[in-house]
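Everything on this sheet refers to the single structure shown next.
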Amino acid sequence: MRQANLKGKASVGKGLFITFEGGEGAGKSTQIRRLADRLRDYARELVVTREPGGTELAERLREIILSGGAKKFGPLGEAVLFSAARIDHIDKVIAPALSRGAVVLCDRFADSTRAYQGARGEVAEAAMDALEQAALAGCRPDLTFILDLAPDIGLARAKNRRGEGAADRFEGEADSFHGLLREKFRDIAGAEPNRCRLIDAERSQDEVAAAIWQAMAEKFRQREHEAEAPAEASQP
Ligand code: Z5A
């Protein structure tokens, strides 16, 4: 059954920036793939990207950070590196795509810095705010899906997918870290209810996809309403 009454490509009048967040193995990549497949009929242009990464320079930083090569900098140093990668990503990929009217789906963004680098409270909130403001320069997501699940379930999924491969820099953190991470993401969702949708990611892939599509449909309807509002206002 069709759940959304979307009007097609014309309904996306300007760019739409959607981010996916959550702990390890939450199902972000899976859901981004599914949403991208569905959105191709509606978006005039679709850009799927990820962080850290999305540009040559940012992908190089990704390799350094995820291999653990920057761990010695500590959480503030890592936050600075993630932000540097983000600046390049915004300038070269995200902002140009949004100004062309594209729908941009991004696997992780600034909330990951707040959650991962901020999980243990070692970076002052004021420093995190300043870094985010400087790096984003106003390029904030229109909608953020925070996929929420118990850390042990997510870690088991991630381990299962990785097989014999080694855990990366963050997957290998202590269980207590992953608990704090979940709380951080939940706090972000609670603090910004207009932007964030907390999605129960312990459900089946189909159920999670349906919840995401429902929120997408609401966002499209809101956009249509905004686009029609000036015309309505000018009616006698
Ligand atoms: N990081 C940071 O610290 N600060 C920052 O500012 C940024 C990032 C931007 C990037 O790793 C790391 O960088 C990340 C945070 C840190 N930490 N780590 N590790 P990444 O990009 O390599 O990986 P990830 O972002 O953590 O994603 P992930 O662990 O690969 O998971 P996912 O994309 O959310 O999940 P998935 O690949 O879609 O699914 C995982 C498995 O579960 C897979 O086998 C699926 O088939 C299965 N799955 C998915 N959904 C379901 C459901 N609903 N039920 C059952 N099984 C499912």
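Counting starts at 1 for both ligands and their atoms, in listed order.
Between Leu66 and ligand 1 there is a heavy-atom distance shorter than 4.0 Å. Using a 4.0 Å cutoff on heavy atoms, Arg62 counts as a contact of ligand 1. Every heavy atom of Gly22 sits 4.0 Å or more from the atoms of ligand 1. Not close to ligand 1: Glu202, with no non-hydrogen atom less than 4.0 angstrom away.
Residue Glu51 has at least one heavy-atom neighbour below 4.0 Å for each of these atoms of ligand 1: 9 (C). Heavy-atom proximity to Ser204, at under 4.0 Å, picks out these atoms of ligand 1: 53 (N). Atoms of ligand 1 found under 4.0 Å from any heavy atom of Ser29 (numbered from 1 in listed order, with element): 32 (P), 33 (O), 37 (O), 38 (O). Here is the list of ligand 1 atoms found below 4.0 Å of a heavy atom in Arg203: 52 (C), 53 (N), 54 (N). Residue Thr30 has at least one heavy-atom neighbour below 4.0 Å for each of these atoms of ligand 1: 36 (P), 38 (O), 39 (O), 45 (C), 49 (C). Ligand 1 places these atoms under 4.0 Å from at least one heavy atom of Gly25: 28 (P), 29 (O), 31 (O), 34 (O), 35 (O). Close approach of ligand 1 to Gly27 is summarised as follows: ligand atoms under 4.0 Å from at least one heavy atom of the residue are 32 (P), 34 (O), 35 (O), 36 (P), 38 (O), 39 (O), 49 (C), 50 (N).
With salt bridges taken as basic N to acidic carboxylate O contacts below 4.0 Å, none links Asp111 and Lys184. A salt bridge links Arg186 to Asp148: one of the charged nitrogens lies within less than 4.0 Å of a carboxylate oxygen. Electrostatic pairing of Arg140 and Glu132 counts as a salt bridge here, judged by a charged N lying under 4.0 Å from a carboxylate O. Under the 4.0 Å criterion applied to side-chain N and carboxylate O atoms, Lys159 and Asp152 are not assigned as salt-bridge partners. Looking at Arg169 and Glu78, a side-chain N of the basic residue comes within less than 4.0 Å of a carboxylate O on the acidic one, giving a salt bridge. Note on Arg114 versus Asp187: no salt bridge recorded, every NZ/NE/NH1/NH2 to OD/OE distance being 4.0 Å or above. A salt bridge is defined here as a Lys NZ or Arg NE, NH1 or NH2 lying under 4.0 Å from an Asp or Glu carboxylate O, and Arg86 with Glu51 meets this definition. One finds a salt bridge joining Glu59 and Arg50 here, because a Lys/Arg side-chain nitrogen approaches an Asp/Glu carboxylate oxygen to under 4.0 Å.
The aromatic ring centroids of Tyr42 and Trp213 lie less than 6.0 Å from each other. Centroid-to-centroid, the aromatic rings of Phe109 and Phe17 come within less than 6.0 Å.
Rounded to the nearest 0.5 angstrom, Thr49 OG1 and Ile90 CD1 are separated by 11.0 Å.
When all heavy atoms are compared, the tightest approach of Ala110 to Leu136 is CB-CD1, 4.0 Å.
At a 4.0 Å heavy-atom cut-off, ligand 1 touches Lys28 through backbone and side chain alike. The part of Gln117 lying near ligand 1 is the side chain, judged by heavy-atom distances below 4.0 Å. At a heavy-atom cutoff of 4.0 Å, ligand 1 is contacted by the side chain of Arg86 but not by its backbone.
At under 3.5 Å, a nitrogen or oxygen of Ala26, whether backbone or side chain, sits near a nitrogen or oxygen of ligand 1. Considering backbone and side-chain atoms together, Gln31 places no N or O closer than 3.5 Å to any N or O of ligand 1.
Closest protein heavy atom to atom 6 (O) of ligand 1: Thr113 OG1, 2.6 Å. Ranking the protein heavy atoms by distance from atom 14 (C) of ligand 1 puts Arg108 NE, 3.5 Å first. For atom 8 (C) of ligand 1, the closest heavy atom belonging to the protein is Phe82 CE2, 3.5 Å. Atom 19 (N) of ligand 1 has its closest protein heavy atom at Glu24 OE1, 2.5 Å.
Glu218 and Gln222 form no side-chain donor-acceptor contact under 3.5 Å, judged by distance and modelled atom types alone.
The heavy atom nearest to atom 41 (C) of ligand 1, out of those in Arg50, Arg157, Glu173, is found in Arg157. With distances taken over non-hydrogen atoms, the option nearest atom 46 (O) of ligand 1 out of Glu207, Arg161, Gln205 is Gln205.
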